[in-house]
Amino acid sequence: MATAMTGLARPRRRLAAADVVDVFVYVVVLNLAIEYVPSVISETFTVSLLTAVLLKVVLEVVVGIKSRLRGRLRAASTVGGKAIAVAMLWVLLVGSKFVVLEVVDLVFGDRVSLGGFVPVTLLILALLLARAGVRRLVDAPSVGSSTTRE
């Protein structure tokens, strides 16, 4: 029975070092937003850390769906198909902000506030840009390093 189920079950994604680094980046960006944006509030550092983990999970799902939609856009051969894919991408990009606000509210209630649509949009943009910057920095070859051993 277990072997019959393996074909249906999705493989579990293992936690990678990049995921941990992403959460650390999210914590830093989130706490900077808490400090400098009056509408972004968290009761404690622990709650902000848990919020960063929740944001990581939600944003990974959104980025995965966005990748699939971009694939549909590239694969579309008709104008109608491309228009539908673009509309779906737009709905995802706008709707995901409301999803983030709602999920954070459901999980943390009054202990966390990410502001409204504009502050959460700017926060998510900052999170994704910071994550990309740190990943680029970490993946960059170090100056003076050699790929061959002497």
Side-chain angles (χ1 to χ4, degrees), residues 6-77 81-108 111-150:
T6 56
L8 300 175
R10 296 183 116 187
R12 288 183 59 172
R13 185 174 174 270
R14 291 189 54 181
L15 187 66
D19 296 321
V20 176
V21 171
D22 288 351
V23 170
F24 289 157
V25 169
Y26 285 12
V27 167
V28 170
V29 172
L30 180 59
N31 279 287
L32 286 170
I34 290 165
E35 185 171 346
Y36 293 108
V37 180
S39 62
V40 179
I41 300 166
S42 178
E43 277 187 3
T44 65
F45 177 78
T46 303
V47 172
S48 71
L49 175 61
L50 294 172
T51 304
V53 171
L54 181 64
L55 287 171
K56 168 70 176 164
V57 171
V58 171
L59 292 178
E60 285 298 320
V61 170
V62 169
V63 168
I65 295 170
K66 182 180 133 197
S67 296
R68 286 184 180 182
L69 289 175
R70 288 175 74 196
R72 287 183 82 169
L73 177 62
R74 282 189 217 105
S77 58
K82 288 188 184 291
I84 289 172
V86 167
M88 290 172 62
L89 269 169
W90 183 82
V91 167
L92 174 71
L93 294 177
V94 172
S96 65
K97 308 321 179 272
F98 293 108
V99 169
V100 167
L101 287 169
E102 203 54 40
V103 168
V104 168
D105 186 51
L106 285 171
V107 173
F108 297 109
R111 296 183 340 192
V112 175
S113 171
L114 298 181
F117 181 79
V118 173
V120 83
T121 300
L122 295 173
L123 176 64
I124 289 171
L125 184 61
L127 291 171
L128 294 176
L129 288 173
R131 177 178 87 168
V134 169
R135 284 185 176 187
R136 176 172 275 175
L137 183 67
V138 169
D139 290 341
S142 58
V143 177
S145 69
S146 174
T147 56
T148 59
R149 291 195 159 180
E150 294 179 25

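Because the structure is predicted, anything quoted here is derived from the model rather than measured.
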Would you be so kind as to tabulate the donor-acceptor pairs closer than 3.5 Å made by side chains of residues 95-107, with sequence neighbours excluded?
{"from": "Ser96", "atom 1": "OG", "to": "Leu92", "atom 2": "O", "distance (Å)": "3.0"}
{"from": "Ser96", "atom 1": "OG", "to": "Leu93", "atom 2": "O", "distance (Å)": "3.2"}
{"from": "Lys97", "atom 1": "NZ", "to": "Leu93", "atom 2": "O", "distance (Å)": "2.5"}

So, taking the atom named [atom1] in [X] and the one named [atom2] in [Y], what distance separates them when rounded to the nearest 0.5 Å?
| X | Y | atom1 | atom2 | result |
| --- | --- | --- | --- | --- |
| Leu49 | Tyr26 | CG | OH | 14.0 Å |
| Ile84 | Leu69 | CD1 | CG | 12.0 Å |
| Leu114 | Ile34 | CG | CD1 | 8.0 Å |

Within-4.5 Å side-chain heavy-atom neighbours: Asp22 and Arg135 =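 Asp22 reaches Arg135 side chain to side chain.
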request  = May I have all residue pairs that pass side-chain hydrogen bond (donor to acceptor under 3.5 Å, both in side chains) and include part of residues 28-46, sequence neighbours excluded?
outcome  =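 Of all non-adjacent pairs touching residues 28-46, those that pass side-chain hydrogen bond (donor to acceptor under 3.5 Å, both in side chains) are Asn31-Ser48.
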Heavy atoms only: give me the nearest [X]-[Y] pair and the separation to one decimal.
| X | Y | result |
| --- | --- | --- |
| Gly81 | Ala76 | C-CB, 3.7 Å |
| Val47 | Phe108 | CG1-CD2, 4.0 Å |
| Ala52 | Leu30 | N-CD2, 4.1 Å |

task = Begin with the C-alpha distance, continue with both residues' side-chain angles, and end with the deciding distance and a verdict on side chain to side chain contact (heavy atoms under 4.5 Å, CB included) for Arg131 and Leu59.
result = CA-CA 11 Å; Arg131 177 178 87 168; Leu59 292 178; 5.6 Å; no
message = Assess the residue pair Lys56 and Leu127 against the criterion (side chain to side chain contact (heavy atoms under 4.5 Å, CB included)); give the C-alpha distance rounded to whole Å, side-chain angles, the decisive distance to 0.1 Å, and a yes or no.
response = CA-CA 9 Å; Lys56 168 70 176 164; Leu127 291 171; over 6 Å; no
query = Do other residues, nucleotides or ligands put more than 12 heavy atoms under 6.0 Å from the NZ atom of Lys82?
reply =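 Result for NZ/Lys82: enclosed.
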Just distance, no hydrogens or angles: give the donor-acceptor pairs under 3.5 Å from side chains in residues 118-126, sequence neighbours left out.
{"from": "Thr121", "atom 1": "OG1", "to": "Phe117", "atom 2": "O", "distance (Å)": "2.6"}

key: Verdict with supporting geometry, Phe45 and Val27, side chain to side chain contact (heavy atoms under 4.5 Å, CB included)   = CA-CA 9 Å; Phe45 177 78; Val27 167; 3.7 Å; yes
